[in-house]
Amino acid sequence: MLEAIDIVKSYRAGGQAAPVLRGVNLRIEEGEFVAVTGRSGSGKSTMLNVLSTLTEPDSGQVLFQGADLAAMREQERDHLRNNAFAMIFQAHHLMPYLSVLENVLLPGANGFRGISAQQRQRAVSCLERVGLGHKKHSLPSELSGGEQQRVAIARGLASGPRMLFADEPTGSLDMTTGDAIMQLLRELNGEGLTIVMVTHNPDYAALAGRCVQMREGRVLPDGTPA
Ligand code: ADP
Ligand code: MG
């Protein structure tokens with residue numbers, strides 16, 4: 001479904017190019033739940049950002065269903081990012097002055113005027129899917145950390161994505177809340193959503209269908225000891 005081939009990416013730090021990804025190769029099949037582990041600074045977030053089109057690599061290819069992302073027109077890539085892909089992060093990035101429902105509607109919104117009844121219904125059902133239908137008129141500040149992360153997941157689901165990229169989605173949650181988020185991600189994967197999740201938690205990595213390790217800007221071959 002998604003394939004990274006020889007991805008190289010450097011950041012410039014004080015005039016010097018510091019390599020962050022040094023030839024990443026990774027293939028993700030439709031319906032998989034892949035956990036990505038590795039030390040801080042090993043390039044996990046950068047890889048996720050390249051896979052999800054948030055960042056362009058210096059060289060190498062990312063193929064989505066065989067199509068080279070770099071060869072697409074910008075509008076096509078934007079369409080893919082906004083519709084086929086969803087992203088969640090350690091911080092939920094909700095807008096504090098908007099209601100839970102408005103936060104979920106946000107990706108499709110132009111000041112909320114162009115929202116159709118169908119889009120609104122879809123947003124409500126995504127909130128119901130994550131168990132927060134009853135909180136749709138609350139403000140994010142009235143919700144717990146786990147509930148806020150659920151809203152971020154609902155926001156990601158609102159576009160009907162094929163793939164979810166999650167960068168340490170439980171990183172700022174307590175254990176019970178983190179367990180519940182993991183349970184939700186597993187259910188969504190069971191419903192057909194392909195998931196790539198960065199995590200530091202070995203128990204959560206073990207709950208994914210497959211675990212890959214990153215080290216110094218590369219994905220290690222399967223079976224490399226931790
Ligand atoms: P991880 O998620 O595994 O902790 P990252 O992909 O965030 O690793 O970062 C890998 C390296 O790239 C780190 O050394 C980090 O400082 C550097 N880096 C990440 N993003 C940027 C950026 N936007 N500008 C400069 N350096 C960055
Ligand atoms: Mg990171």
Side-chain angles (χ1 to χ4, degrees), residues 2-28 32-64 69-70 74 77-78 81 85-94 145-146 148-150 152-153 155-156 161 163-175 177-179 181-182 184-185 189 194-226:
L2 191 74
E3 187 173 13
I5 304 165
D6 285 333
I7 299 294
V8 173
K9 174 81 187 173
S10 300
Y11 287 114
R12 294 216 156 268
Q16 284 242 338
V20 174
L21 301 180
R22 302 161 183 257
V24 163
N25 288 287
L26 180 65
R27 194 186 159 96
I28 293 148
E32 273 201 296
F33 188 163
V34 177
V36 180
T37 63
R39 278 195 202 153
S40 176
S42 58
K44 304 180 298 296
S45 294
T46 305
M47 178 176 79
L48 218 59
N49 291 345
V50 168
L51 292 177
S52 61
T53 80
L54 289 179
T55 304
E56 271 185 47
D58 299 337
S59 64
Q61 283 181 305
V62 181
L63 308 179
F64 179 66
L69 295 182
E74 201 174 326
R77 210 165 31 241
D78 289 348
R81 184 186 312 120
F85 294 165
M87 292 130 204
I88 57 171
F89 303 93
Q90 182 169 349
H92 52 72
H93 301 296
L94 299 177
Q148 290 171 351
Q149 189 60 291
R150 281 170 187 275
I153 293 171
R155 177 181 56 188
M163 290 193 74
L164 175 72
F165 299 92
D167 195 349
E168 303 192 39
T170 61
S172 57
L173 302 176
D174 63 62
M175 201 173 71
T177 313
D179 288 355
I181 293 292
M182 265 314 287
L184 176 61
L185 293 180
N189 176 245
T194 305
I195 301 180
V196 187
M197 174 187 74
V198 172
T199 183
H200 281 294
N201 185 321
D203 293 337
Y204 295 161
L207 287 174
R210 176 160 67 105
C211 183
V212 301
Q213 286 179 68
M214 281 195 83
R215 193 177 294 165
E216 293 172 4
R218 290 193 186 87
V219 172
L220 298 181
D222 286 352
T224 307

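In each ligand, atom 1 is the first atom listed, and ligand 1 is the first ligand listed. Numbering of residues begins at 1 and proceeds along the displayed sequence.
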Q. Given the rule in the side-chain contact (heavy atoms from CB on, under 4.5 Å) test, do K44 and H200 qualify, once you have shown the distances and angles that lead to the verdict?
A. CA-CA 11 Å; K44 304 180 298 296; H200 281 294; 3.9 Å; yes
Q) Between the candidates S10, G217, G41, P19, which shows the shortest non-hydrogen contact distance to atom 13 (C) of ligand 1? A) G41
Q. Which residues satisfy the side-chain contact (heavy atoms from CB on, under 4.5 Å) test with T53, sequence neighbours excluded?
A. L69, R77, R81, F85
**Q.** atom 7 (O) of ligand 1 - nearest protein heavy atom and its distance
**A.** S45 CB, 3.6 Å
Q | Polar side-chain atom of R218 near backbone of V24 as donor-acceptor pair, under 3.5 Å | A | no
Q) Under a 4.5 Å cut-off applied to non-hydrogen side-chain atoms, are M163 and V196 in contact? A) yes
Q) Just by distance, with hydrogens left out, do T177 and D174 show a side-chain donor and acceptor under 3.5 Å apart? A) yes
(Q) Donor-acceptor pair, distance only, cut-off 3.5 Å: does the side chain of S52 make one with the backbone of L48? (A) yes
Only distances under 3.5 Å count here; give the side-chain donor-acceptor pairs of residues 202-212 to other protein atoms, sequence neighbours excluded, each with its distance to 0.1 Å.
from	atom 1	to	atom 2	distance (Å)
Y204	OH	M175	O	3.4
Y204	OH	D179	N	3.0
Y204	OH	D179	OD1	2.6
R210	NE	E32	OE2	2.8
R210	NH2	R27	O	2.7
R210	NH2	E32	OE1	2.9

Q.
Heavy atoms only, cut-off 4.0 Å: how does M47 contact ligand 1, side chain, backbone, both, or neither?
A. neither
Q. Quick one: does ligand 1 sit under 4.0 Å from the side chain of V20, the backbone, both or neither, non-hydrogen atoms only?
A. side chain
In residues 4-21, what donor-acceptor pairs under 3.5 Å come from side-chain atoms, sequence neighbours left out?
from	atom 1	to	atom 2	distance (Å)
D6	OD1	N25	ND2	3.1
K9	NZ	E56	O	2.8
R12	NH1	G15	O	2.9

Q) In ligand 1, which numbered atoms sit nearer than 4.0 Å to a non-hydrogen atom of T46? A) 5 (P), 6 (O), 9 (O)
Q) Once you round to the nearest 0.5 Å, how far does CD of E168 lie from OG of S40? A) 8.0 Å
Q.
Please report whether atom 16 (O) of ligand 1 has a protein non-hydrogen atom at a separation of less than 4.0 Å.
A. no
Q | Nearby protein N/O/S atoms (those under 2.8 Å) for the Mg ion (ligand 2), with water ignored | A | S45 OG
